[in-house]
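Taking it in order: structure first as structure tokens, then the write-up.
Quick note on labels: first sequence line is chain A, next is B, and so on, each numbered from 1.
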Amino acid sequence: MEVYQFLVQNWAETLKLAWQHAWVVAIAVAIAIATGVPIGIWITFNRKAADIVLYLAGIMMTIPSIALFGIMIPILSMIGYGVGVVPAIVALVLYSQLPIIRNTYAAIKNVDPNIIDAGLGMGMTRMQVLFKVQVPMALSVIFAGVRVAVVMSIGIGAIAAYIGAGGLGHYIFMGISQTYDTMIQAGALTVAIMAIVVDYVFGLIENRLVSKGLREG
Amino acid sequence: MSENKEAGTAGRVWMSIGFIFAFAAGAYAEYLGFFTFVKENPEEIWELFLDHCQLVGIASSIAILIGVPMGIFLTRGFMRRYRDMILNILGICQTVPSIAVIAIAMTYVGIGKTPAIIALVIYGLLPIIRNTVAGLANVSSVLLDAGSGMGMTPGQLLFRVEIPNAMYIILTGIRTSVVIGVGTAALSFLVGGGGMGDLIFTGIALVDPGYMMAGAVPTAGLAVFLNWIFGCIEKWIVSPGLVYE
Amino acid sequence: MIELERVTKIYPGSEVPAVDSVNLNIAEGDICILIGSSGCGKTTLMRMMNRLEPITSGFIRIGGESIMDKDVTALRRSIGYAIQQIGLFPHMTVYDNIATVPHLLGWDKKRIDERVDELLNMVQLPPDIFRFRYPRELSGGQAQRIGVTRAMATDPPVMLMDEPFGAIDPINREVLQDEFLKIQEKLKKTIVFVTHDIHEAIKMGDKIALLDAGQLVQYGTPEELLTQPKNRFVKDFVGADRALKRLNLLKVRDAMLTNPTHCHGEDPSETILEHMIENELSYLLVADREDNLKGYVNLEELQGHHGNVRDVVRPMTLTVKPEQNLKDALSKMLSYDLGIVVAMDDDGKIAGVLNSRTLVSVVGETYDERGGHWGRITTKGRII
């Protein structure tokens, strides 16, 4: 109840923080898609590169986020962006790579070789098969990777508040330093809701992306 | 032949890149004062590291001891019809950020190790239950039919057929849970639970890269190391008759 | 051995019984085929015999004992069970798979080792190569063999097999069926065998039980089903070509004419020529004194020939065995464009002759003694 009152009283600030949060996540994931999808497609042509890239991305994922922020600060300080939005976005981009690359790779690899054969047999070039057959069929799985990346980024983005990136995590850290429980709960709750809602909405979009011919039932 | 040679060359190139990168990282860490700090405060770092390991160890053990039996329970006959629903709910729970779980735990339990462990257990339970359920549900009904047709009791079926076949997925869940736990345990400093988060958060607050990296590097290393160890355990425990990509 | 009395199965929430009051008596050492289209209740009926499906009403007795009186796991361990999807445990080696039930029964290791080797040898998979393979390292046919072997591990007197060869390609299926029949000839197990393939049923079954909508329509030998279908449904099920299917059941011995007319190598050509013209024969079989087949002579070559038949005898290009089934014999005759073929037993003696006319009449169940272009076939034995 107190949380509700807190949020009502501070609705303007809450909205601002939520907007900030969403913005950081959106930019990071957009960059991650722009890099991850082409990498994912590229490595389907090169088994060795696939192993290396997926391995590195996997290692990346195991590094705790707060540790990554910590390591990032001194490196980015050299170009003058030690704290704030920039290290947050860089970290989120790095984390988002794995689910996006992995899903792109798996989805494109998973397309039935017979279908690719049929495409080539009809006189499509390799690129046409890739973009007219494989990518459309893989779209929903690629998007599922994006969905995982977004939800994860919302969570990590909350921690990024500690290095001055703003967002809803701000309430949590402020609350902790001021031992103000209601504020902590407000921050935790709004972040959780944001993650759940975004996950749900992206889930709906994911289902719509499945080509009608591929949908079950 | 030429292919082999090429692979050899490629391997050497990667190796040298790796060395150069490691050297650069080392030199940079030296420049930031990482090594100086480590040399000056080995005991403090070691103590916090053990503290961190203890948090992860206790929380993960509890999570495994609760999560695996719970996952088994949820897949037994009478619960089977709720399985999809339960998996969905667990999926939703897993989207809640770790920091939110820790923060909320603190507001209810107060500060110290207890809220940290409670939060770690709750957060670590989800992947374990989820994977145990998914792994057991994944076991082909043909195997169950063959097993009971040959006269296995439900218990024998569970321990001789279901669990060995689900083992890979269950272990992956435990691995995910433990690795996430290492990262989440770093946050437990915020609720007074100690651990390597102490060095990281304080280092960031003091703008002291050496101090901060003394926490960040071992934490990252621990996560990568545990991930690797679990990979080995998987290879050791899971039957070679089962192959996974 | 297995007695079913008014066995009925009604699934909860369903009005129509899946198995409707079935009475069945399966004799010891018989392969009883349960056949019918999908959903006819054949699998359900089989699964009730080891209580994988609870019985709604009726009684099943195995070896005189009601299966309901036995402990359910003990019952299942005492019955071999093989299924179409094979269901080999992928995490276990071939050895562990076969040893599953012996292990459950607590056999000692030495006994299990011996049994596994014995069984692998029986299905012609060398133990040293296959013992420690995993199912994923087996071909479909090998996996299927192991599946059947696993069901036989403790040498159970009764086996339940649900389309055990269903997932195998037709050529390998034939091989496995033959192999299995050979093994069964020795072991004489009582087998309940579910299939939807009428060819398999005719080939494998001592008895066939045809089911439709949960009811037993006809129960009898394959021969009975083919020659005396009880009603239109059975007739349609066994197929319009049921006459041809009988060829699978019959042996050359059943259709051949025994003691065919033949001559000896030492016989003078003139006498034989005379005899052939008299009887309108264009060919004649030649044998030696012990009735060993030497070949045949034809009319044109005998004309104007002086001396013994031996000098103009031609070797026989194709013979069949009395034990061969008629289908194989017919297909040989068709592919060599022969109207007649000699059946020769293992030691080279003439057993009889098979001609296309008699074949047709056997299939059509009316016998006729006229031959093809060999002219009239007589069975008076040796001439002169």
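- Between B/L190 atom CG and A/I66 atom CD1 the span is 7.5 Å, to the nearest 0.5 Å.
- One finds the CD1 atom of B/I180 at 7.5 Å from the CE atom of A/M61 (value rounded to the nearest 0.5 Å).
- Between B/P97 and A/A195, the shortest heavy-atom contact is CD-CB, 4.1 Å.
- Between atom CD1 of residue B/I99 and atom CD1 of residue A/I184 there is a gap of 10.0 Å, rounded to the nearest 0.5 Å.
- Within 6.0 Å of the CD atom in A/E13, the count of heavy atoms belonging to other residues, nucleotides or ligands exceeds 12.
- Looking at heavy atoms from C-beta onward, A/F69 lies out of side-chain contact with B/M212 at the 4.5 angstrom threshold.
- A/F173 and B/F201 have tilted rings, their planes meeting at an angle from 30° to 60° on a 0 to 90° scale.
- Using a 4.5 Å cut-off between heavy atoms, B/M196 makes no contact with chain A at all.
- Heavy-atom neighbours of B/I111 CD1 from other residues, nucleotides or ligands within 6.0 Å: at or below the threshold of 12.
- Counting heavy-atom pairs under 4.5 Å between each of B/V224, B/V217, B/I102 and chain A puts B/V224 at the top.
- Chain B forms the most heavy-atom pairs under 4.5 Å with one residue out of A/I196, A/V151, A/I63, and that residue is A/I196.
- A 6.0 Å sphere centred on CZ of A/F45 holds more than 12 heavy atoms belonging to other residues, nucleotides or ligands.
- For the side-chain contact (heavy atoms from CB on, under 4.5 Å) with A/P64, the lone residue among B/T184, B/L187, B/V182 that qualifies is B/V182.
- In this structure, chain B has no heavy atom under 4.5 Å from any part of A/I193.
- Here the straight-line distance linking atom CG of A/D199 with atom OG1 of B/T95 works out to 5.0 Å at 0.5 Å rounding.
- Looking at A/I172, only its side chain comes within 4.5 Å of chain B, counting heavy atoms on both sides.
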